[in-house]
Undergrad: 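First, the structure itself, so that you have it in front of you.
In what follows, chains carry the letters A, B, and so on, assigned in the order in which the sequence lines appear, proteins first and then strands, with residues in each chain numbered from 1. Atoms considered below: every heavy atom in the structure, side chains included; atoms not considered: hydrogens, waters and symmetry mates.
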Amino acid sequence: MKLDKHFYAAPTLTVARSLLGQVLVRRSPQGDRAGIIVETEAYTKNDPACHASRGKTRRNASMFGPAGTAYVYFIYGMHYCFNVVTAEEGIGEAVLIRALEPIAGISLMEESRRTKDVKLLCSGPARLCQALDITTIEDGINLAGETIYILAGSQPKSSVAAARIGISAGQSLPYRFYLADNKFISKK
DNA sequence: CCGAGGATCATCT
DNA sequence: GATGATCCTCGGT
C-alpha cells in the first residue's frame with residue numbers, strides 16, 4: 001500500500017523515524033528499482049542546517065510545497081540528494097533519505113553505480129540517487145504519482161537517533177535516524 | 001582500517 | 001568568490 005499525504009503531513013521528526021522500514025520505489029522505462037529505507041535525517045523549521053531556514057529560493061522552492069512532494073537538489077558539483085517534504089505546507093521541512101537496503105532492480109542499480117558491491121549501491125544520499133537515477137528532473141514531483149513513491153513495509157523496527165552527518169550548523173540535534181544493526185547505513 | 005585531499009558547479013554573498 | 005545535507009582515491013599504519 002502506497003504511503004499517502006496523511007503519512008507525510010505528520011510532524012517531521014515523526015515522519016523521519018517512521019519512514020524507516022518502508023520501501024522506496026523508483027519506476028522508469030528501463031524497469032523498477034526499490035529498497036528498504038534504513039537511514040533518514042530530519043530538517044526542520046528553525047534548524048540552521050535546513051535549506052529552508054533562510055527563506056524560499058529557486059533551489060529550495062519544493063520544500064515549501066505540500067507534504068509528499070519530492071525535494072531533490074544538486075550539491076558538490078556532482079551529486080544529488082533526495083528528500084520528502086513533510087508537515088504543514090509552506091513551513092519548509094523535509095526528510096533526507098540517506099540509505100536504502102536494495103531489494104529490487106539490483107542489476108539496474110549496479111549499472112548506474114558502476115559497481116557490483118551491494119553495500120555501495122544505496123548506502124549514502126548521493127549513492128542512492130545515482131542507483132535509482134534520481135536527479136533534479138524529479139524535483140517537485142508528487143510522491144502520490146507513479147514515478148517515485150513509498151510503500152508501507154514492515155512494522156517499525158528498533159531505531160537509533162544520532163547527530164546528522166556532513167553539516168556544520170545544528171550538529172547537536174539528534175535528527176538522524178537509522179535501523180539498529182542494519183548493514184546498509186551510510187556510516188557508523 | 002583511517003584520514004586527507006580533490007573533483008566540480010549551482011547557488012548565494 | 002566561497003561554500004556545500006558527498007563520494008572516491010590514495011597513501012600511511
Undergrad: Partners of A/Glu93 by salt bridge (Lys or Arg N to Asp or Glu O under 4.0 Å), sequence neighbours excluded?
TA: none

Undergrad: Using side-chain heavy atoms (C-beta onward) and a distance below 4.5 Å, is A/Tyr43 in contact with A/Thr12?
TA: no

Undergrad: Using side-chain heavy atoms (C-beta onward) and a distance below 4.5 Å, is A/Phe7 in contact with A/Ile150?
TA: no

Undergrad: Applying side-chain hydrogen bond (donor to acceptor under 3.5 Å, both in side chains), name anything that partners A/Ser186, two or more places apart in sequence or on another chain.
TA: A/Glu39, A/Arg98

Undergrad: Counting neighbours of CG on A/Asp181 that are heavy atoms of other residues, nucleotides or ligands and sit closer than 6.0 Å, is the number greater than 12?
TA: no

Undergrad: Side-chain heavy atoms nearer than 4.5 Å, only ILVMFWY residues, links allowed to pass through others: does that put A/Tyr8 and A/Phe64 together?
TA: no

Undergrad: When you measure from every atom of DNA chain C, which of residues 47-67 of chain A have a heavy atom less than 4.0 Å away?
TA: A/Ala49, A/His51, A/Met63

Undergrad: Tell me which one of A/Ile134, A/Ile97, A/Leu96 satisfies side-chain contact (heavy atoms from CB on, under 4.5 Å) with A/Cys81.
TA: A/Leu96

Undergrad: Within residues 93-104 of chain A, which residues have any heavy atom lying less than 4.0 Å from an atom of DNA chain C?
TA: A/Leu96, A/Arg98

Undergrad: Determine the sole option in A/Ser154, A/Ser158, A/Ser159 for which the side-chain contact (heavy atoms from CB on, under 4.5 Å) test with A/Leu20 is passed.
TA: A/Ser159

Undergrad: Could you list by number each residue of residues 70-86 of chain A showing a heavy-atom separation from DNA chain B of less than 4.0 Å, or answer none if no residue does?
TA: A/Phe74, A/Tyr76, A/Gly77, A/Met78

Undergrad: Just list the side-chain donor-acceptor pairs under 3.5 Å for residues 122-132 of chain A, sequence neighbours left out, or say none.
TA:
from: A/Ser123; atom 1: OG; to: A/Lys119; atom 2: O; distance (Å): 3.0
from: A/Ser123; atom 1: OG; to: A/Phe184; atom 2: O; distance (Å): 2.7
from: A/Arg127; atom 1: NH1; to: A/Ser123; atom 2: O; distance (Å): 2.9
from: A/Gln130; atom 1: OE1; to: A/Arg113; atom 2: NH1; distance (Å): 2.7
from: A/Gln130; atom 1: NE2; to: A/Ser112; atom 2: O; distance (Å): 3.4

Undergrad: Identify the stems formed by DNA chain C, where each pair is Watson-Crick or G-U wobble with both distances under 3.5 angstrom and a stem is at least 3 consecutive pairs.
TA: B:1-7 with C:6-12, B:9-12 with C:1-4

Undergrad: Less than 4.5 Å apart, side chain to side chain, heavy atoms only: is that true for A/Ile37 and A/Val23?
TA: no

Undergrad: Are any of the side-chain heavy atoms of A/Thr135 and A/Val72 separated by less than 4.5 Å?
TA: no

Undergrad: If you walk 5' to 3' along DNA chain C, what is the first nucleotide with an atom under 4.0 Å of a heavy atom in chain A, and what is the last?
TA: C/dG4 to C/dC8

Undergrad: For DNA chain C, determine which residues of residues 172-188 of chain A have any heavy atom closer than 4.0 angstrom to one of its atoms, and list them numerically.
TA: none

Undergrad: Report yes if some heavy atom in the side chain of A/Leu3 is under 4.5 Å from a heavy atom in the side chain of A/Leu19; otherwise report no.
TA: yes

Undergrad: Using salt bridge (Lys or Arg N to Asp or Glu O under 4.0 Å) as the criterion, list what pairs up with A/Glu101, not counting sequence neighbours.
TA: none

Undergrad: I want to check something: taking the side chain as every heavy atom from C-beta on, are A/Val84 and A/Tyr71 in contact at a cut-off of under 4.5 Å?
TA: no

Undergrad: Under 4.0 Å from any heavy atom of chain A: name the first and the last nucleotide of DNA chain B that qualifies, 5' to 3'.
TA: B/dA7 to B/dC12

Undergrad: Pull out every residue in residues 114-142 of chain A that has a heavy atom closer than 4.0 Å to any atom of DNA chain B, ordered by number, or say none.
TA: none

Undergrad: Looking at A/Leu151, I'd like to know if its CG atom is crowded, meaning that more than 12 non-hydrogen atoms belonging to other residues, nucleotides or ligands lie closer than 6.0 Å.
TA: yes

